[in-house]
Structure formats: C-alpha cells, structure tokens
Amino acid sequence: MRELGIRVNRTRLLMVVAALLGVALLAGCTIPTGDAADADPAAAAPVAQVIQSPAPDAQNVNPVEPIAVRVDRGTLENVALTTVDGRAVQGVLSPDRTAFTVTEPLGYDAKYMWSGTALGSDGKTVPVAGSFTTLDPATKTSARTNIGDGQIVGIGAPIILQFDGPIANKGAVEKALRITTDPPTIGSWAWLPDDNGARVHWRPQNYWVPGTAVHVDAKLYGLDFGGGTYGASDVSINFSIGRSQIVKADAPSHRMQVVRDGVTTMDIPVSYGEGNENRNVTRSGVHVVSEKHEDFLMSNPPYYENVRERWAVRISNNGEFIHANPQTVGVQGASNVTNGCINLSLSDAEEYFGTAMYGDPVEVTGTRIDLSAADGDLYDWAIDWPTWTSMSALV
C-alpha cells in the first residue's frame, strides 16, 4: 500500500509541474520584445526636421542676410514668409522641395512670420512656424549720383556718390561699389572732403574713351556704415561717354579753342580773369563742365549782383563760367579784364553753348593760381594719379 501511495503522489507532482510550465509558457507569449513606440507606429515622432535661418525669435536680423527654411527627411508644403499685414515675401522653392529661399530684401525694423508644413518621409506633417525681427538702424544714410541713368556725358566726367551724412567705415562702403566698363577702363575711387556729408569720386586714370558704356552698382542697403548707420538703399545707374570735346583755354593768348574728336572746331578771341587780385584769377587746371543756362543771374558781391548773363556754361563751383559778355567784346583777344570767368562774344558763346556737355574737360593754362579743393567739388583732374589712388579707403 505504501508503494502505491508514493506512485500516486509522484503522478500528482508531475501534473502540477506541467500545469506551472504551461502557465509560464503562456505568459511568455505576452512579454514585449521592444519599445511601445515600435509596437505602435502611429505613436512614433515625425522624422521631418525643419531648420530656419535665422533661428526662430531672432532679433536684429540684417534684412539682406540669407533668409531661408529647409527640411531634412521630407518636403515643404505651402511655405510662405509674410509681413505683419499679410503680404507674402517673394521667394523660390528648390526643385526637390526641400528648401525655400527668400529672393527680395526685407525691410528695416519689421517682423516676419513663417507658415506652412513639412511632409516627412514617414507621411507625417510638421508645422513650419515662427517669426523674427529685422534690425532698426539708429541712422539710415542715402547716396545720390551726379550722373543720371541713361545719360551721355563728356570724357572728363567723374562718377560721384554724395552721401547725406558722414560715414565711419569708408572701407566697407568702398568694397560695396562696383564699376563695370566696356571697353575696360583703369580708374580708382577717392574720398574727398565735404561738409555736407561723405562723398566718394571715381575717375579714370586718363580721359574716358568716347563711346564707353559704364555700369555703376552700389550695394548699400543693409550695409553697416559704422556708428549705428546703415545704407538706406542701393544705387545702380548705366550711362555712356559721348564724343571727345576738350576746351583749350590759354589765358596769355587771350584765345580759346574747342577741339572735338581731335579737330579744332572753334578758335575764338576771349577775355580771362584780370588777375590783379587772387579773387579774379581764372584758375589753371582741368575744369569740368557741370551745368549750363541760356540765361543766368550772376552775383559776386560787392562787385556786382544779379547781373543777367547769356549762354552761361559753369566750369567750377567758385563762380567760373564760359559765357557771353558784350561789355568785354572790345578787349576780347587782346587783354584779360574779367572777374575770373571766360568771356565770349554773344554769337561765339551761343555756338559753344550748343556743343557743351556735362563732363567736358576745360583745360585752363597760363595763370598764377591752380584749381584746387578751394574752388568747389569738381577738381578731380587737378590731383595727380598717385595722389588720387592714395585717397582710396582701401590702400
């Protein structure tokens, strides 16, 4: 009987063990083999990554720096950069739709906002959002040119950029200036003194070649001029050089020649400054025609005031003109009696007036005082070439 009892107990023991193993095996089928995210694809984070330049919430962004948004492991959908009033900024989407780049300069002191979505390679979308603000300069400085777009000028015309304020970082500004000519022309920028704001001139080493095409491109907007001042706008002009016309004005001879394309077209009697006082000495040196008037009221207190002169061609800002003066006709060709201007007969003055062009050189010789900075803003050709090039901010 005892042996039978033992057999029965062993049988029960085996049944219990088998039951426990079954429970263990059943439980083993429910143990996770990975993360919950792997078991549930819908809960995985989107793979698309949006990168903005500048970063979201950036402040004092330069309005001309590269502005873009791109996506890694996805494509962009309906992306736009807008102003606070809802205007969309111009931009271009790359062919593979992974980058949107702004193509227009932004404004100063303005807020811009991104919108749109990025569709990831996993089929999930990520919003394109965020904003940034551009810098607000303490001062914005503009520049104007002496030559108009499309203008034809004489062979002695310099290119002038006149700024409406001082410039601390002239080197940075000069690096932003580009002159392109056809045919190629050797020239240089020079910074000249001016109480009304900084000014920089570009002139060729020698007179322009007639027919030269000139392009001026000044990328000044967004440029740091130094001292909290930034450029207000870009400047771009195209102009051309006309025929060659040079006035040869030799004071001791009391005559004046007009030489066009190497041919003397006028050789006329004139009267120059009397020269008994410094104030009435016609300055020697290369002047430049800057303006002309059929009628002009001239004043030189206390000697005369509001005197009407005809066919007046200005050649410097110190009051020197080539103009008609019937009162000196009797001495024209014989003596110099004027207050510094070059006096012609009425008919000769009208004829010359009709040929004169902005930028024509007028070469005065034979007097005791040279043209200089004291005579106004167009004395470029009175400066020798080595000195001129040394006046660049980049030397």
Side-chain angles (χ1 to χ4, degrees), residues 146 152-160 185-187 190 192 201-210 212 241-275 278 280-292 311-325 332-333 336 338-344 348-349 351-388:
N146 61 317
I152 300 174
V153 300
I155 62 173
I159 300 167
I160 302 174
T185 305
I186 297 173
L192 279 68
H201 293 210
W202 192 97
R203 56 155 266 221
Q205 183 176 7
N206 302 302
Y207 292 152
W208 293 99
V209 173
T212 299
I241 308 302
R243 79 291 177 272
S244 170
Q245 179 162 296
I246 303 170
V247 169
K248 304 283 188 178
D250 182 58
S253 72
H254 317 300
R255 299 192 69 84
M256 185 185 93
Q257 290 81 37
V258 178
V259 181
R260 176 178 287 213
D261 296 324
V263 177
T264 300
T265 58
M266 297 182 70
D267 187 347
I268 55 178
V270 300
S271 180
Y272 296 88
E274 185 175 2
N278 288 347
N280 62 24
V281 175
T282 305
R283 287 357 188 199
S284 286
V286 179
H287 301 60
V288 175
V289 170
S290 58
E291 60 183 89
K292 60 182 188 176
W311 312 114
V313 177
R314 183 187 290 274
I315 60 173
S316 79
N317 280 349
N318 69 356
E320 291 176 310
F321 285 80
I322 301 174
H323 66 90
N325 189 344
Q332 289 172 11
N336 296 325
T338 79
N339 278 282
C341 293
I342 304 175
N343 287 183
L344 286 63
D348 286 342
E351 181 180 352
Y352 167 66
F353 182 94
T355 71
M357 175 185 292
Y358 181 90
D360 285 345
V362 176
E363 300 175 351
V364 178
T365 55
T367 69
R368 61 183 176 85
I369 299 179
D370 290 335
L371 184 71
S372 70
D375 299 303
D377 58 3
L378 279 179
Y379 59 98
D380 301 38
W381 296 100
I383 303 172
D384 64 81
W385 185 245
T387 303
W388 182 266

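Because only heavy atoms are used, hydrogens play no part in the values below, and waters and symmetry mates are left out as well, while side chains stay in. Note that this is a predicted model, so its numbers are computed, not measured.
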Distance in Å, [X] [atom1] paired with [Y] [atom2], rounded so as to fall on 0.5 Å steps:
{"X": "Trp388", "Y": "Ile383", "atom1": "CH2", "atom2": "CD1", "value": "5.5 Å"}
{"X": "Gln257", "Y": "Ile268", "atom1": "CD", "atom2": "CD1", "value": "8.5 Å"}
{"X": "Leu378", "Y": "His287", "atom1": "CG", "atom2": "NE2", "value": "10.5 Å"}
{"X": "Ser290", "Y": "Asp377", "atom1": "OG", "atom2": "CG", "value": "7.5 Å"}
{"X": "Asn343", "Y": "Phe321", "atom1": "CG", "atom2": "CZ", "value": "12.0 Å"}
{"X": "Ile155", "Y": "Asn206", "atom1": "CD1", "atom2": "CG", "value": "10.5 Å"}

Could you pull out the closest heavy-atom pair between [X] and [Y], with the gap in Å?
{"X": "Cys341", "Y": "Gly319", "answer": "SG-O, 3.3 Å"}
{"X": "Ala157", "Y": "Tyr358", "answer": "CB-CE2, 4.2 Å"}
{"X": "Asp375", "Y": "Ser316", "answer": "O-CB, 4.0 Å"}
{"X": "Thr367", "Y": "Ala251", "answer": "CG2-CB, 3.6 Å"}
{"X": "Asn280", "Y": "Gly275", "answer": "OD1-N, 2.9 Å"}
{"X": "Thr282", "Y": "Gly273", "answer": "OG1-N, 2.9 Å"}

Taking the side chain from [X] and the backbone from [Y], do they hold a donor-acceptor pair closer than 3.5 Å?
{"X": "Thr264", "Y": "Met266", "answer": "no"}
{"X": "Gln332", "Y": "Leu344", "answer": "yes"}
{"X": "Gln245", "Y": "Met357", "answer": "no"}

By side-chain hydrogen bond (donor to acceptor under 3.5 Å, both in side chains) - contacts of [X] (at least two apart):
{"X": "Thr185", "value": "Thr181"}
{"X": "Lys292", "value": "none"}
{"X": "Asp360", "value": "Arg243"}

Ion pair check, Asp380 and Arg203, cut-off under 4.0 Å: no

Step-by-step side chain to side chain donor-acceptor pair (under 3.5 Å) determination, Asp250 to Thr365: CA-CA 5 Å; Asp250 182 58; Thr365 55; 2.9 Å; yes

Ile152 atom CD1: more than 12 heavy-atom contacts under 6.0 Å: no

Tyr352: ring pair (Phe, Tyr, Trp, His ring centres under 6.0 Å) partners, not counting sequence neighbours: none

Contacts of type ring pair (Phe, Tyr, Trp, His ring centres under 6.0 Å), residue Tyr207, not counting sequence neighbours: Trp381

Side chain to side chain contact (heavy atoms under 4.5 Å, CB included) assessment of Val209 paired with Ile241: CA-CA 7 Å; Val209 173; Ile241 308 302; over 6 Å; no

Flag for Asp370-Ser372: side-chain donor and acceptor within less than 3.5 Å: no

Candidate pair Met256 and Ile322, rule side chain to side chain contact (heavy atoms under 4.5 Å, CB included), full reasoning: CA-CA 10 Å; Met256 185 185 93; Ile322 301 174; 4.1 Å; yes

Inter- and intrachain pairs under salt bridge (Lys or Arg N to Asp or Glu O under 4.0 Å), touching residues 259-275, at least two apart: Arg255-Asp267

